Amino acid sequence: MSMTSLSGGAFSGQSSPWASRIAVAAVHFFLMVLFLQNTGADTWASIGGFLFIHLYSVLVLAYWSKMERTAAGDTLIVTLMLEYVVMVLLFWDDFRSWPWSTFFGLVMVQVVAFAAVTYWKELRQAPPTAWFGLIVIMLYIMIAATAPIIAPFGETEIVGSEYEEWGEEYLLGTDNLGRDMLTRIVYGARNTVGIAFVTTVLAFVIGGLCGLLAATMRGWTDEVMSRIVDILMAIPSLIFGLLLLTIFGTSVLSLIIVIALLDSTRVYRLARAVAMNVVVMEFVEAARLRGEGLWWIIRHEILPNIMPPLVAEFGLRFCFVFLFISALSFLGLGIQPPTADWGSMVRDNATLITFGEPTPLIPAGAIALLTVGVNFVVDWFLHKASGLKE
Amino acid sequence: MSTDSTTAEAGGDRKGEVILQMRGLRIEGRADEEWHEIVHGVDVVLRRGEVLGLIGESGAGKSTIGLAAMGFSRDGCRISGGTVMFDGVDLTKASDEELRRYHGSRIAYVAQSAAASFNPAHKLIDQYCEAPTQHGIQPRREAEAEAIDLYRRLQLPDPENIGFRYPHQVSGGQLQRAMTAMAMACRPDLIVFDEPTTALDVTTQIEVLSAIKGIVEQFDTAAIYITHDLAVVSQMADRIMVLRYGNLVEEGYTRQMIQDPQKDYTRDLLAVRSFRKPPINEENPEIPLVKVDNVTAAYGKLVVLKGVSMEIHKKRTVAVVGESGSGKSTTARVITGLLPPLEGEIQYDGQTLPRDYRKRNKDELRRLQMIYQMADTAINPRQRVADIIGRPLEFYLGLRGDEKEQRVRDLLEMIELDPDQFYARLPGELSGGQKQRVCIARALAAEPEMIICDEVTSALDQLVAEEILKLLQRLQDELGLAYMFITHDIATVRAIADEIYVMLQGEVVENGPKQDVLSPPHHEYTELLLSSVPEMDPDWLEGLLERRAAGTAPSLPGSGN
């Protein structure tokens with residue numbers, strides 16, 4: 001444990017959690033300032049440096065302070081967010097040249113880093129498949145977050161002639177309109193994954209909430225909501241999706257809402273079923289007899305007990321939504337050009353297949369890789385939550 | 001090699017050869033990714049025709065040892081040392097193939113919950129026939145004939161046809177006997193009984209005990225009988241081993257041990273149930289705290305309470321006794337308002353309470369608290385002890401912050417748990433008795449006037465149960481609470497009750513102060529309940545069965561006896 005030795009010296013001994021939080025934040029801040037002064041506005045070095053410093057400080061805190069892991073993670077996220085604000089003000093000239101999305105990306109990277117350190121103990125015991133999945137997901141998040149920095153060209157910029165070969169200038173060649181393939185894939189991560197993520201969250205908010213309400217209230221509420229869901233589920237979702245998108249147009253907003261609504265029916269079913277098992281438990285009866293309100297019962301008694309299946313479902317549902325969007329894009333009703341999207345990229349470049357070119361397979365592979373990665377993580381999570389040994 | 005172990009003096013049936021010998025048995029369990037030893041080198045010797053009782057509180061390792069006698073260990077456990085010699089073969093070294101040959105044919109197992117151990121999709125007799133036909137001992141037709149014979153010997157009603165029912169179509173006691181029949185199917189040399197009567201009512205327990213005892217004697221089978229009830233094991237076993245924390249505490253012949261225990265722990269086990277609440281001589285006040293007035297209630301169309309009336313006074317413990325299905329818990333549900341009655345009403349301090357709990361106000365809810373049988377399901381596994389106990393404080397009394405924390409700590413102290421140690425724990429980090437204490441603290445946090453205790457001790461070991469009873473009694477003395485104590489265990493009633501209501505099939509058949517109800521003349525059903533409580537006397541079961549056969553003691557109508 002090199003970290004434990006690192007953390008010795010001045011900070012050793014019994015300090016209060018707050019003292020250690022402030023101490024680590026101060027050291028962290030000092031390092032960042034030092035780093036930025038030396039590297040200037042070089043974005044690549046800054047991102048690498050940021051990541052390193054973050055990971056280092058969280059690791060120190062996690063190993064050295066005796067405070068609860070989650071509490072450590074939570075506080076640091078808050079402290080460091082504040083720190084960002086201060087730093088942006090201090091180094092305004094350097095930061096001004098970065099796009100806003102990059103800051104958002106950095107925050108995401110930081111959250112992931114914190115999560116990793118906070119749950120280090122669990123992670124260390126994770127099987128290699130789960131590690132693979134986690135690394136893939138993190139990679140995607142980083143690429144999506146920092147797309148404008150990573151991508152060599154602009155998203156919709158036409159840089160060469162059509163279908164150029166792989167080479168020095170265009171690493172993965174160009175597409176049917178002469179746009180750089182690598183750039184499109186990097187931006188595609190942002191669009192496809194981002195929209196899928198937002199859609200899944202929305203589906204869970206709608207479906208999960210309704211399912212919980214139905215399970216807790218029973219009676220007419222349950223009856224009415226369940227029948228509506230039955231009707232929605234009776235229609236094949238792809239065809240229904242196509243129909244609705246044809247009616248409401250293919251803007252990103254309507255795409256998100258339509259898919260979220262369709263998928264929320266599945267989430268509703270699951271949430272209702274698992275909540276039903278918890279609702280009959282005596283601790284829920286005890287809460288009711290205490291006179292607790294509906295929202296409190298859902299929030300405190302039921303939700304924490306059904307989180308594992310819901311989180312697992314979130315992973316799976318994310319994949320389904322992702323594939324659904326790609327399928328819609330392939331059919332021409334998904335994310336509309338010129339926005340880069342993996343599904344439509346496969347379709348646009350499909351002709352290359354006939355010439356034995358692997359280029360169209362790359363966006364397809366990107367979809368496949370993320371799906372596999374998410375599923376590995378979900379499998380691991382389910383295994384852990386089910387309490388199975390070996 | 002016929003034995004008459006019931007009358008034989010200790011040591012009288014040692015002629016049998018050794019069938020099972022475990023030497024220096026060590027078993028490890030896996031927790032937090034590490035192996036911990038849970039059985040620390042136990043020696044067990046069992047001869048043909050002998051019944052060995054394993055007794056101890058939960059976590060003593062008795063079930064683990066029982067399973068190890070079959071060369072088997074549960075998931076997450078492993079036999080790490082010692083030998084298990086069964087008829088000359090070391091089962092710890094036997095392959096799975098060999099073990100499978102032994103299991104079911106030469107070694108059989110009877111589990112605690114028959115309902116969970118039978119496959120609900122197959123008829124009893126089909127499940128019976130599986131082992132003998134699989135092991136190639138008998139063809140199906142012969143096996144069926146024998147099953148019927150065994151059902152008869154086990155005193156099951158209608159032995160010709162009962163096998164053609166599904167598990168859910170027979171009662172718990174009958175199912176437990178059907179499982180014993182199944183274990184007997186291949187005439188095994190050894191049967192392991194793992195708490196076969198713990199989940200049953202006292203009246204049903206008698207039937208199962210006498211059936212098991214009879215059949216083991218008839219076939220001269222060696223048996224290991226696992227239980228936490230010394231009174232039960234003294235009826236069944238020739239020899240008893242007392243276990244604690246995976247170690248042997250004491251071993252001896254039943255009579256010897258009951259009469260002259262050597263170790264303190266054994267003495268504690270024997271002295272259990274000696275707790276008695278002193279009788280109260282004051283008159284009850286005019287107005288009862290809770291009055292159940294001629295209540296009739298039903299689940300759907302099924303009427304479960306027929307004109308039940310009860311009075312519960314301040315600072316009194318009212319015990320409601322009866323077997324499962326008698327309407328005890330339903331009465332509690334009606335009082336709390338979970339099941340609105342069809343007729344009749346509930347009065348609190350002379351005021352009529354709304355029938356439905358949702359129409360009662362916060363204060364009415366606060367004054368009436370409930371403690372459940374299964375502490376496991378009664379507290380949210382995702383909330384910490386501080387939150388569980390703190391919520392009623394916040395909800396009813398509006399306490400916040402430090403004030404709340406201080407009160408939670410006071411309550412933890414009151415239920416005899418160290419606040420520093422338990423304040424932030426999750427229920428998963430508590431033992432069964434500790435969980436029940438947390439439930440009690442949650443009820444107390446509301447500062448109630450009455451607590452309904454629904455079988456609060458039946459899921460606990462006897463020593464732990466007694467401590468809970470003492471705690472409840474102390475709290476009553478200090479806080480002046482009224483208790484409604486629902487139980488099927490007369491021993492608990494003897495310990496804690498002031499007044500008793502005996503219920504049968506949704507009606508109160510007898511009620512009155514404890515000394516009146518517990519002394520003759522009794523209602524016939526009360527007598528049956530009273531006589532069914534096992535006593536620490538190895539001859540008690542024999543005597544009772546003889547008296548029942550002679551008609552001088554009541555027996556269950558239509559129970560198949």
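Everything quoted here is computed from the prediction, not taken from an experiment. Worth knowing before you read on, the calculation uses all heavy atoms, side chains too, and leaves out hydrogens, waters and symmetry mates. Residue numbers start from 1 in every chain, and the chains themselves are labelled A, B, ... in the order their sequence lines are given, proteins ahead of strands.
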Open item on the list: Counting neighbours of NZ on Lys359(B) that are heavy atoms of other residues, nucleotides or ligands and sit closer than 6.0 Å, is the number greater than 12?
Closed with: no

TODO: Please report the shortest heavy-atom distance between Gln383(B) and His300(A), naming the atom on each side.
DONE: NE2-O, 3.1 Å

Task: Donor-acceptor under 3.5 Å (Glu282(A) side chain, Ala375(B) main chain) - done: no

Open item on the list: Rounded to the nearest 0.5 Å, what separates atom CD1 in Ile302(A) from atom CG in Asn380(B)?
Closed with: 9.5 Å

Open item on the list: Contact between Arg288(A) and Arg358(B) at the side-chain level, heavy atoms closer than 4.5 Å - yes or no?
Closed with: no

Open item on the list: Let's test your reading of the structure: which of Asp376(B), Leu338(B), Thr336(B) forms the most heavy-atom pairs below 4.5 Å with chain A?
Closed with: Leu338(B)

TODO: Output, in order, the C-alpha distance, side-chain angles, deciding distance and verdict of side chain to side chain contact (heavy atoms under 4.5 Å, CB included) for Met307(A) and Arg382(B).
DONE: CA-CA 10 Å; Met307(A) 272 323 264; Arg382(B) 305 269 169 176; 5.9 Å; no

TODO: Using non-hydrogen atoms and a 4.5 Å limit, figure out which bit of Gln369(B) sits close to chain A: side chain, backbone, both or neither.
DONE: neither

TODO: Give a yes or no on whether Asp402(B) atom CG has more than 12 heavy-atom contacts from other residues, nucleotides or ligands under 6.0 Å away.
DONE: no

Task: Shortest non-hydrogen separation from Tyr372(B) to Leu289(A) and the atoms involved - done: OH-CD1, 3.9 Å

Open item on the list: Quick check: closest heavy atoms across Pro381(B) and Asn305(A), and the distance to 0.1 Å?
Closed with: CG-OD1, 3.3 Å

Task: Ile379(B) side, atom CD1; Phe283(A) side, atom CZ - distance, nearest 0.5 Å - done: 10.0 Å

Task: Salt bridge Arg333(B)-Glu285(A), side-chain N to carboxylate O under 4.0 Å - done: yes

- [ ] For residues Arg290(A) and Arg442(B), determine if any side-chain heavy atom of one lies less than 4.5 Å from a side-chain heavy atom of the other.
- [x] yes

TODO: Flag yes if more than 12 heavy atoms outside Arg78(B) fall under 6.0 Å of its CZ atom; otherwise flag no.
DONE: yes

TODO: Measure the OG1-CE distance between Thr377(B) and Met281(A) for me, rounded to the nearest 0.5 Å.
DONE: 6.0 Å

Open item on the list: Can you confirm whether more than 12 heavy atoms, excluding those of Gln351(B), are under 6.0 Å from its CD atom?
Closed with: no

Task: Within 6.0 angstrom of Phe197(A) CZ, more than 12 heavy atoms from elsewhere - done: no

